[in-house]
Amino acid sequence: MALDDTAGRLAAAGAELAAAAAALPGHDPGAEAFGAAAGGRLGALCRDLHRTCLAALDARAREAAAHGARLSLTADAVTRAASGYAAADDTARRRHGETS
């Protein structure tokens, strides 16, 4: 696999993670799914559970966004490396009289 292909795959994976990070908060099932409408101590426990779920969703979204950004930066670095290798190859070919 060529470096350009690798960079493209890394960029695509970064974009997918960024999209997943943006979509993740939308998967909140709502407080009702945890029984938050119940009264008394049970209702309070269910509301706490829902808050914990929201905090976990938020944390995973931030992690996914951070990993997506890292993959995008890595794709850029691989692209720059591929460009540097291509330039070095071109210079070597010209220096040694090859035409290809």
Any pair counted as salt bridge (Lys or Arg N to Asp or Glu O under 4.0 Å), so long as it reaches residues 8-29, sequence neighbours left out: none
All pairs passing salt bridge (Lys or Arg N to Asp or Glu O under 4.0 Å) where residues 52-66 contributes a residue, at least two apart: Asp58-Arg62, Arg60-Glu63
Closest heavy-atom pair and its distance - Ala75, Ala11: CB-N, 3.6 Å
Shortest non-hydrogen separation from Pro25 to Ala22 and the atoms involved: CD-O, 3.5 Å
Considering all heavy atoms, the nearest Leu17-His67 contact: CD1-CB, 3.9 Å
Whichever hydrophobic residues join Phe34 through chains of side-chain contacts under 4.5 Å: Leu49
Worked verdict on Asp90 versus Arg94 for salt bridge (charged side-chain N to carboxylate O under 4.0 Å, His left out): CA-CA 6 Å; Asp90 186 50; Arg94 282 187 279 120; 3.1 Å; yes
Could you pull out every donor-acceptor pair under 3.5 Å between side chains of residues 81-89 and any protein atom, sequence neighbours left out?
none

Side chain to side chain contact (heavy atoms under 4.5 Å, CB included) against Thr74, all qualifying residues, sequence neighbours excluded: Leu10, Val78
Distance-only side-chain donor-acceptor flag, Arg47 / His50, under 3.5 Å: no
Residues in side chain to side chain contact (heavy atoms under 4.5 Å, CB included) contact with Ala21, at least two apart in sequence or another chain: Ala64, Ala65
Within one Ile-Leu-Val-Met-Phe-Trp-Tyr cluster: Leu3 and Leu71, side-chain cutoff 4.5 Å: yes
